[in-house]
Protein chains: 2
Amino acid sequence: MFIKNLPHKTVERLSQYRRSLLMILSKEKTHVFSHEIAQMLHITPVQVRRDLMLIGYSGNLRKGYDIKELIELIGKIIDSERGQRVAVIGLGNLGKAIISYFKGKRSKLAIIAAFDINPEKINRVYDGVACYHINQMAEIIKQNNISIGIIAAPAQQTAEIAEALVLAGIKGILNFTPKALNVPPFVYLEEYDMITSLEKVAFFAKKNDERFK
Amino acid sequence: MFIKNLPHKTVERLSQYRRSLLMILSKEKTHVFSHEIAQMLHITPVQVRRDLMLIGYSGNLRKGYDIKELIELIGKIIDSERGQRVAVIGLGNLGKAIISYFKGKRSKLAIIAAFDINPEKINRVYDGVACYHINQMAEIIKQNNISIGIIAAPAQQTAEIAEALVLAGIKGILNFTPKALNVPPFVYLEEYDMITSLEKVAFFAKKNDERFK
DNA sequence: TAATATTTGTTTAATTATTCACATTGCTAA
DNA sequence: TTAGCAATGTGAATAATTAAACAAATATTA
Ligand SMILES: NC(=O)c1ccc[n+]([C@@H]2O[C@H](COP(=O)([O-])OP(=O)(O)OC[C@H]3O[C@@H](n4cnc5c(N)ncnc54)[C@H](O)[C@@H]3O)[C@@H](O)[C@H]2O)c1
Ligand SMILES: NC(=O)c1ccc[n+]([C@@H]2O[C@H](COP(=O)([O-])OP(=O)(O)OC[C@H]3O[C@@H](n4cnc5c(N)ncnc54)[C@H](O)[C@@H]3O)[C@@H](O)[C@H]2O)c1
């Protein structure tokens, strides 16, 4: 299913809705109100209803939204029908955390390979994910039709790795390295840095502290 | 230094500016143009200039911005003068990745304690950070005037840990757990989930792929 | 049965964030 | 000396995002 020009923020929230809904779905709880979803994610019920409107989902006036149906619809919109395969580059602490966190979470989005240069990690399986030497990357990516790369290797290597990923035909990159990347326009790039998050928390915590004193 | 109502996004970018500037600062390179900063972060030069305008920084028309000065000014605005101390709760893969990533990065923002329940981790020092049992948390937080907590423990424990953090007097929380939290208004909360980032990449990678086909 | 309460869906308004457009400045060099 | 160029700084315009407001629907209950 395809919906024209879904806003970036809505896409993010759809992912969050699904995650939250998967957590509360049970035999007893089959339906949910917009204000319940809103409360779980610290947003307003209007926001939720608007997002669901954008994806064309209608709820029941008395019961709210059917959780199972909604989870499925979100899947139809944000997942790719044929699934997407993911590789992690750099099997250090962060790479491992990512792999163990994803394990079994999403059927349509599977981490199926890791790459590293450390001989102790290569040709071993971590949490169900096989680790290969970085110089086999292009080959393995093409063989397995991997379309997304997560970079969790040392910062200095980032540009080089990204270039190799692009050459190998990757379509999206999630970069956890503090080095910002340049990729061609047909590759979608998302960057995340924990320091920015932490400094933001620090700034507003400080501000709050003054305000509530 | 305090500037009234700095937009959230600007605060995020100031952190990114500083990070990028720290990486390029050198004997040879003492100044930088707005378009150079912009390129590093995939934004527009106007955006950069506007942010700097908001914090009242003026550049030199021919040389651009003085990198060192700008780094210092950003510090004066987003850092707390007396520094802020941080604790990590849960010393698993993610907790370790966070600690080793932060090591020595910011003088005004220091991770000084970790908490866990695993006896093998307690009373040991990881990357310069001592790990204590979770039931010593309130005590240690107060003793060391820790004001920020990073939650990287198993999801089920999240609510309980957050409550303890708030009771112990924490002012900001960065939650990496997929369980959304509720905290009182005087505590600043930031949540991050890698699945949302990855699903966003997957969605737009898929979309790009169709568009550029 | 009629009044009440609650929730969805959607239009409109408000707010926030980004970009445009251009005046201004100061160097370079014809 | 003056035209040209490449920057910054910023008011105004535009775009994106969020929230307010309210009609419509329907179960509940007085
Ligand atoms: N953005 C964030 O929020 C964040 C948080 C923590 C760490 N990091 C960054 O993520 C990266 C990894 O952090 P970590 O704590 O896991 O580090 P780590 O040192 O534990 O792991 C890095 C891994 O990459 C491997 N490696 C080295 N060179 C490589 C190459 N050329 N190709 C593939 N693999 C290679 C190493 O063998 C190691 O296993 C670092 O760049 C760090 O700065 C980012
Ligand atoms: N948000 C994200 O992007 C993201 C990414 C990866 C992991 N995670 C989450 O972060 C958390 C940690 O992930 P991980 O891979 O490091 O897991 P992990 O199992 O490696 O580590 C968890 C650690 O928490 C400790 N712990 C257990 N109970 C505790 C308690 N009550 N108090 C303090 N510590 C306790 C464990 O002993 C262990 O050391 C998990 O909740 C995971 O879902 C989030």
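Below, read A as the first sequence line, B as the second, and so on, with proteins coming before strands; counting in each chain starts at 1.
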- prompt: Is there a salt bridge (Lys or Arg N to Asp or Glu O under 4.0 Å) between A:Glu81 and A:Lys108 once you walk through the steps?
  reply: CA-CA 8 Å; A:Glu81 207 173 329; A:Lys108 293 290 184 181; over 6 Å; no
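- Looking at the side chain of B:Arg49, the nearest of the listed nucleotides D:dT8, D:dC22, D:dA19 is D:dT8.
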query: How far apart are the C-alpha atoms of B:Lys105 and A:Glu199, what are their side-chain angles, what is the distance that settles it, and do they pass the salt bridge (Lys or Arg N to Asp or Glu O under 4.0 Å) test?
result: CA-CA 12 Å; B:Lys105 280 259 167 53; A:Glu199 292 189 337; over 6 Å; no
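- For B:Tyr192 and A:Tyr192, the ring centers are positioned less than 6.0 Å apart.
- C:dT8 atom P lies 9 Å from atom CG of A:Leu52, rounded to whole Å.
- Remark: A:Ser58 is in phosphate contact with C:dG9, judged by side-chain N or O atoms under 4.0 Å from OP1 or OP2.
- Open room surrounds CD on B:Gln39; 12 or fewer heavy atoms of other groups in view lie less than 6.0 Å from it.
- Note: CG (A:Asn60) to C1' (D:dT26) measures 9 Å, nearest angstrom.
- Looking at heavy atoms from C-beta onward, B:Ile173 lies out of side-chain contact with A:Val201 at the 4.5 angstrom threshold.
- Atom pair B:Lys9:NZ and D:dA15:P shows a separation of 18 Å (rounding to whole Å applied).
- Atom NZ in A:Lys63 sits about 13 Å away from atom P in C:dT8, given to the nearest Å.
- Within the 4.0 angstrom heavy-atom criterion, no nucleotide atom of any strand lies near B:Thr10.
- Spacing between atom NE2 of A:His31 and atom C1' of C:dT6 amounts to 16 Å, rounded to whole angstrom units.
- When the C1' atom of D:dT8 is taken as reference, atom CG of B:Leu70 falls 14 Å away, rounded to whole Å.
- For B:Arg13 and C:dT18, the shortest distance from a side-chain N or O to OP1 or OP2 is below 4.0 Å.
- Salt bridge status for B:Glu160 with B:Lys179: absent, with no side-chain N to carboxylate O gap under 4.0 Å.
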- request: Show your working on side-chain hydrogen bond (donor to acceptor under 3.5 Å, both in side chains) between B:Asp51 and B:Tyr17 and close with a plain yes or no.
  value: CA-CA 10 Å; B:Asp51 286 333; B:Tyr17 296 160; 2.6 Å; yes
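- Across the protein-nucleic acid pair, A:Tyr65 atom OH and D:dA25 atom C1' stand 13 Å apart, rounded to whole Å.
- Only A:Thr44, A:Val46, A:Gln47, listed by number, bring a heavy atom of residues 37-47 of chain A to less than 4.0 angstrom from any atom of DNA chain D.
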message: Under the criterion salt bridge (Lys or Arg N to Asp or Glu O under 4.0 Å), I'd like the reasoning laid out for B:Asp193 against A:Arg19: C-alpha separation, chi angles, the key distance, then a yes or no.
response: CA-CA 10 Å; B:Asp193 191 310; A:Arg19 178 157 54 75; 3.0 Å; yes
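- Checked against D:dG9, C:dT18, C:dA17, the side chain of B:Pro7 finds its nearest nucleotide in C:dA17.
- Looking only at side-chain heavy atoms (C-beta outward), A:Ile77 and A:Arg18 stay at 4.5 Å or farther from each other.
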- request: List the protein contact pattern of nucleotides 24-30 of chain C with one symbol per nucleotide (5' to 3'): B for base contact, S for sugar-phosphate-only contact, - for none; contact means a heavy-atom distance under 4.0 Å.
  value: -BBS---
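- Proximity note for A:His35 (side chain, C-beta onward) versus D:dT8, D:dT17, C:dT7: the nearest is C:dT7.
- Rounded to an integer number of Å, the gap from A:Asp51 CG to D:dA19 C1' is 13 Å.
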